[in-house]
There are 2 protein chains.
Amino acid sequence: MAGRRSAAEARDTRAKILRRAADVASADGLEGLTIGRLASELDMSKAGVIGQFGSKEELQLATLALAAEIFRGRVWEPVEHLPAGLPRLLAVCESWTRYAKKPPFPGGCFIAAASFEFDGRSGRVHDELAKVVKRWRKTLAAEVETAVRAGELGADTDPDQVAFSLEALAAGANPARQLHGDTSAASWSLRAMHAVLGVPAPKAA
Amino acid sequence: MAGRRSAAEARDTRAKILRRAADVASADGLEGLTIGRLASELDMSKAGVIGQFGSKEELQLATLALAAEIFRGRVWEPVEHLPAGLPRLLAVCESWTRYAKKPPFPGGCFIAAASFEFDGRSGRVHDELAKVVKRWRKTLAAEVETAVRAGELGADTDPDQVAFSLEALAAGANPARQLHGDTSAASWSLRAMHAVLGVPAPKAA
DNA sequence: CCTACCGATCGGTAGG
DNA sequence: CCTACCGATCGGTAGG
């Protein structure tokens, strides 16, 4: 036991490491993620952890890729089948808000936290993060464009402006919930998103 | 030379350390702030740096206090003299946006970054940060209430909802500018804040 | 505010 | 994927 493993076992181990890495990084940041801590929490050796990835940076990139995949699975995939334009955009707001309210990681939305953590740095993690977020923004902006063409949103709507606003409002739910314990954070977030899209908010809660 | 210093010299040194600490922490986080790095950048010994504060946590708290003071000086104080309510609220949006566009620290707004960095942790830095942000939210919400009483905002306006939205939109300018290099981040932010306050945006840019 | 030092932990490697 | 190990750096202290 404890020697080299089969390819299938190695894949399992890799997945186990990444799950835990995402949990840790969601709370303590991608930089606060350390190989030694991961090893002890997983009852593995440091060499066993890092051997799967080669370097901490590769581990960070793989963790980011997992988080992006989970985000997509929880926010985009559930609404993908809906008609493009405003209906799907509103559904995204809802799945996004649900995601922010019950995040898959203990520290909340990983992407939002990492965006603020790495915005001032340089390197591959910064670059990859920028790519991931830009892709999501483009998805949102394209949806806004469709809604404008369908006449569901005003002709003077700026898709990039709307995409920026939605993202900022979604991200804001994170510190609101976790820093201040605001239980209404998700509902604030959703109502503000609705307002951006010109959907009237129901009176009171 | 290099022995004990007078009280006045010690104060100067303390201020110099904190300035640099805020610069470093704005880019690399309050946790990424290390005593050794600070010492070498300031051409001091580690003992000289930490001796002023006693522990890293105290240094983090002092850095946060400085950042909060600078924020207040750049965002609130310039508009404090204006009439309370919507006029002052709009002026806050402008000074806030200016602040986000030309931040006093290389890594952008310190408070926003720290909020996302520490929202999932516990301890004195988390608690103090929560206090600082809550104080600011209360200032905003009070201003909204004044505007509602003056009839400048609709009677069904929820002050906490508005405060949340403004803060999220201001914070969002940070990763937009630094992660994606969006030069329009500040203007997106301002226009979205205006929309929240029911102020019509000027057509196009 | 300095020198000199402490134990702990960092990322990572050699070799099996 | 483990043991055993590397140099570098971490936060912090003693003592002047």
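Values below: every heavy atom of this structure, side chains too, minus hydrogens, waters and symmetry copies. We name chains A, B, ... by the order of the sequence lines, and we start the count at 1 in each one.
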Nucleotide [N], atom [atom2] - distance to [atom1] of [X] in whole Å:
| X | N | atom1 | atom2 | value |
| --- | --- | --- | --- | --- |
| Glu31(A) | dC10(D) | CD | P | 12 Å |
| Lys56(A) | dT13(C) | NZ | P | 15 Å |
| Phe53(A) | dC1(D) | CZ | P | 10 Å |
| Gln52(A) | dG11(C) | CD | P | 17 Å |
| Leu38(B) | dC1(C) | CG | P | 13 Å |
| Arg37(B) | dG12(D) | CZ | C1' | 20 Å |
| Ile17(B) | dC1(C) | CD1 | C1' | 9 Å |
| Arg14(A) | dC1(D) | CZ | C1' | 15 Å |

Kindly assign one of parallel, tilted or perpendicular to the pair Phe116(A) and Phe116(B), based on the angle between their ring planes and the thresholds 30° and 60°. parallel
At 4.0 Å (heavy atoms only), tell me whether [X] reaches a base, stays on the sugar-phosphate, or touches nothing.
| X | value |
| --- | --- |
| Leu59(A) | nothing |
| Leu33(B) | sugar-phosphate |
| Ile35(B) | sugar-phosphate |
| Gly36(B) | sugar-phosphate |

Got a sec, which residues hit side-chain contact (heavy atoms from CB on, under 4.5 Å) with Thr97(B), two or more places apart in sequence or on another chain?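 side-chain contact (heavy atoms from CB on, under 4.5 Å) check on Thr97(B) returns Ala186(B), Leu190(B), Met193(B).
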At less than 3.5 Å, do the side-chain atoms of Lys46(A) and the base atoms of dG11(C) form a donor-acceptor pair?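 Checked by distance alone, the answer is yes.
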Run through DNA chain C and report every stem of 3 or more consecutive Watson-Crick or G-U pairs, distances under 3.5 Å, ordered by first number. C:1-16 with D:1-16
For atom CZ of Arg74(B), is the number of surrounding heavy atoms from other residues, nucleotides or ligands below 6.0 Å larger than 12?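 Enclosed: over 12 neighbouring heavy atoms sit under 6.0 Å from CZ of Arg74(B).
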Nearest heavy atom decides the nucleotide; on that basis, is Gly54(A) or Val49(B) closer to the 5' end of DNA chain C? Val49(B)
Walking DNA chain C from its 5' end, the first of Ile50(A) and Met44(B) to be reached, judged by nearest nucleotide, is Met44(B)
OP1 or OP2 of dG11(D) less than 4.0 angstrom from a side-chain nitrogen or oxygen of Ser55(B), does that happen here?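 Answer is no, no contact under 4.0 Å.
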Does OP1 or OP2 of dC10(C) have a side-chain N or O of Thr34(A) closer than 4.0 Å?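 Thr34(A) to dC10(C) OP1/OP2: side-chain N or O found under 4.0 Å.
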Nearest of dC1(D), dG12(C), dT3(C) to any side-chain atom of Thr13(A)? dC1(D)
Within the 4.5 Å heavy-atom criterion, are Tyr99(B) and Pro104(B) side-chain neighbours or not? yes
As a quick check of understanding, evaluate side-chain contact (heavy atoms from CB on, under 4.5 Å) for Trp76(B) and Arg88(B), giving each step before the final call. CA-CA 9 Å; Trp76(B) 180 248; Arg88(B) 193 157 66 179; 3.6 Å; yes
Would Asp182(B) and Arg137(A) pass as an ion pair if we require N to O under 4.0 Å?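 So Asp182(B) pairs with Arg137(A) through a salt bridge.
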Please determine if Lys131(B) and Glu128(B) form a salt bridge, counting it only when a charged side-chain N lies under 4.0 Å from a carboxylate O. yes
Under the side-chain contact (heavy atoms from CB on, under 4.5 Å) criterion, do Leu166(A) and Trp136(A) qualify, and how do the steps go? CA-CA 11 Å; Leu166(A) 295 182; Trp136(A) 179 237; over 6 Å; no
